[in-house]
Amino acid sequence: MTKRPIIIDCDPGQDDAICLLLAMSSPDELDILGVTTVAGNVPLALTERNARQVRDIAGRRDVPVYAGCSKPMVRDLVTAEHVHGKTGIDGIDIVEPKQPLEKQHAVDFIVDTLNAADKDSITLVPMGPLTNIGQAFTKDPSILRNVEQIILMGGAMREGGNISPSAEFNILVDPHAADIVFRCGRPITVLGLDVTHQVLATPERRDRIRAIDNDAARATVGMLDFYNRHDSVKYGVRGAPLHDPCTVAWLLKPELFEGKLCNVSVETESELTMGNTAVDFWHVTDRPKNATWIHTADADGFYELLVERLSRFSDVR
Ligand code: RIB
Ligand code: CA
């Protein structure tokens with residue numbers, strides 16, 4: 001089996017953290033070249049720290065962690081402590097990471113790694129505001145030739161918005177970076193709220209994770225128990241949507257998802273609809289079909305995968 005070289009860009013965030021665990025549990029399929037962090041759910045000083053603590057839980061000291069941009073390209077930073085808690089990964093004890101941050105800036109890591117790579121060889125997996133990716137593509141557009149594809153969590157169509165009436169958080173925080181990414185010309189697969197709101201962390205699913213006897217599963221269910229409280233009340237459902245792990249789940253088992261090639265464009269002018277993703281699902285315009293919009297998930301299959309992969313971890317002493 002050939003390993004897929006990937007760069008994960010994230011803003012942990014409980015769902016980012018669980019996605020990191022899912023990726024780090026799959027070394028046979030995924031060669032994680034690096035984890036880059038960005039300001040989003042909480043400020044950068046916390047997202048980078050959280051990513052390093054999750055790396056320790058996974059026992060994957062081989063994976064370097066980089067800090068990137070502390071604010072969006074144009075707009076002021078908006079964070080989401082009301083969802084994720086003050087630390088960003090409330091639900092687990094905060095422990096000082098064992099390994100330091102890499103010295104290189106995340107944007108430079110992305111540029112240098114892609115420049116050194118073969119054509120169409122690296123998969124980018126962003127699951128926070130797209131600031132690092134937008135800055136990297138702006139700094140050196142020639143790196144695009146070596147991007148095999150981009151699998152991102154962000155946007156919404158029928159689901160409207162989760163941070164404004166018409167925009168999803170990752171896109172609204174940095175719509176200008178998102179616009180750069182959606183216009184980059186490389187294959188993009190988008191897991192937006194329309195599909196992530198189908199994969200709810202119900203009590204039964206959390207109990208299956210709770211039954212796994214290892215630190216990674218205990219951390220996962222601790223974070224889910226906290227993370228669950230906001231969205232399940234807001235949406236009146238039995239569990240919070242597990243947004244970010246849908247990206248890595250798509251890489252590991254794409255057959256769990258269904259999508260459609262269409263145009264996705266980002267609003268960067270109107271304050272009323274800033275960050276909206278206009279998804280031309282029915283091809284009513286002649287805009288280029290720049291992304292595969294994922295619209296359906298096999299939620300039971302998704303949690304089967306998550307439980308099976310979390311069960312693979314052994315405790316790190
Ligand atoms: O809207 C959900 C997205 O915003 C997820 O990536 C979550 O972690 C936050 O970054
Ligand atoms: Ca995220």
Side-chain angles (χ1 to χ4, degrees), residues 2-11 19 23 30-40 64 66-69 71-75 102 104-155 168 170-171 173-192 244 247-248 250-251 254 259-268 275 277-280 285-294:
T2 51
K3 289 188 182 189
R4 176 192 294 271
I6 68 172
I7 294 174
I8 297 175
D9 188 72
C10 57
D11 63 330
C19 190
L30 303 175
D31 177 12
I32 307 173
L33 303 178
V35 171
T36 53
T37 56
V38 68
Y66 299 82
C69 300
K71 70 172 291 299
M73 292 182 85
V74 175
R75 293 172 65 84
E102 300 300 314
Q104 189 176 31
H105 191 285
V107 171
D108 295 329
F109 166 74
I110 293 167
V111 169
D112 292 352
T113 303
L114 284 170
N115 264 324
D118 294 334
K119 192 171 179 317
D120 298 339
S121 63
I122 308 283
T123 297
L124 301 179
V125 190
M127 53 196 77
L130 290 160
T131 316
N132 288 340
I133 311 298
Q135 291 284 21
F137 290 175
T138 303
K139 184 167 186 172
D140 184 355
S142 71
I143 63 177
L144 282 166
R145 70 180 182 283
N146 297 338
V147 174
E148 199 258 341
Q149 61 178 315
I150 301 167
I151 319 293
L152 71 89
M153 191 279 140
E168 178 276 325
N170 289 338
I171 308 299
V173 170
D174 199 338
H176 301 90
D179 188 41
I180 290 167
V181 172
F182 278 101
R183 292 176 188 275
C184 79
R186 302 307 297 146
I188 303 174
T189 297
V190 190
L191 293 110
D244 294 338
T247 58
V248 167
W250 187 91
L251 283 175
K260 183 179 182 183
L261 189 63
C262 48
N263 177 268
V264 179
S265 297
V266 180
E267 176 60 68
T268 59
T277 42
V279 182
D280 187 3
T285 75
D286 58 359
R287 293 181 198 140
K289 296 176 182 174
N290 60 337
T292 299
W293 181 258
I294 302 297

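For the numbers below, each heavy atom of this structure counts, side chains included, while hydrogens, waters and symmetry mates do not.
The two residues Asp11 and Pro129 make their nearest non-hydrogen contact at OD2-CD, 3.6 Å. The two residues Met127 and Ile8 come nearest to each other via the heavy atoms CE-CG2, 3.6 Å. Of all heavy-atom pairs between Trp293 and Cys262, the closest is CB-SG, 3.7 Å. Shortest non-hydrogen contact noted between Ser121 and Pro5 is O-CG, 3.2 Å.
Using a 4.0 Å cut-off between charged side-chain N and carboxylate O, Lys289 and Asp280 make no salt bridge.
No donor-acceptor distance shorter than 3.5 angstrom exists from the side chain of Thr292 to the backbone of Leu261, with no hydrogens or angles considered. Asp174 places a side-chain N or O within 3.5 Å of a backbone atom of Met73 that can act as its donor or acceptor partner. Between the side chain of Asn290 and the backbone N or O of Val264, at least one donor-acceptor pair lies under 3.5 Å. Judged by distance alone, with hydrogens and angles left aside, the side-chain atoms of Arg186 form a donor-acceptor pair with the main-chain N or O of Val147 at under 3.5 Å.
Considering CG of Asp108 and CD of Glu102, their distance stands at 13.0 Å, rounded to 0.5 Å. Atom-to-atom distance recorded for Ile6:CD1 and Ile150:CD1 is 13.5 Å, nearest 0.5 angstrom. Between atom CD1 of residue Ile143 and atom OG1 of residue Thr138 there is a gap of 9.0 Å, rounded to the nearest 0.5 Å. Put simply, NE2 on His105 and SG on Cys69 are 4.5 Å apart, with the number rounded to the nearest 0.5 Å. One finds the CD1 atom of Ile188 at 11.5 Å from the CZ atom of Arg183 (value rounded to the nearest 0.5 Å). In this structure, the separation between CE on Met153 and CD1 on Ile294 is 12.0 Å, given to the nearest 0.5 Å.
Residues Gln135 and Ile110 are not in side-chain contact: their nearest non-hydrogen atoms beyond the backbone lie 4.5 Å or more apart. Taking the side chain as every heavy atom from C-beta outward, Thr277 and Glu168 never approach each other to under 4.5 Å. Between Arg75 and Pro175 the shortest side-chain heavy-atom distance falls below 4.5 Å. Residues Phe182 and Val190 form a side-chain contact, since some pair of their non-hydrogen atoms from C-beta on lies under 4.5 Å apart. Under the 4.5 Å side-chain criterion, counting only non-hydrogen atoms from C-beta, Thr36 is in contact with Ile7. Between Val173 and Leu130 there is no side-chain heavy-atom pair separated by less than 4.5 Å.
Side-chain atoms of Thr268 and Asp179 form no donor-acceptor pair, as typed in the model, at a separation below 3.5 Å.
Tested against Cys10 for a side-chain contact (heavy atoms from CB on, under 4.5 Å), the candidates Thr247, Asn132, Asp244, Val35 yield a single pass: Val35.
In this structure, the side-chain contact (heavy atoms from CB on, under 4.5 Å) partners of Ser142, at least two apart in sequence or on a different chain, are Asn115, Asp140, Arg145. Scanning for salt bridge (charged side-chain N to carboxylate O under 4.0 Å, His left out) contacts around Asp31 gives an empty result, with sequence neighbours left out.
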- Go through the steps for Asp9 and Leu124 under the test side-chain contact (heavy atoms from CB on, under 4.5 Å), then give the verdict. CA-CA 8 Å; Asp9 188 72; Leu124 301 179; over 6 Å; no
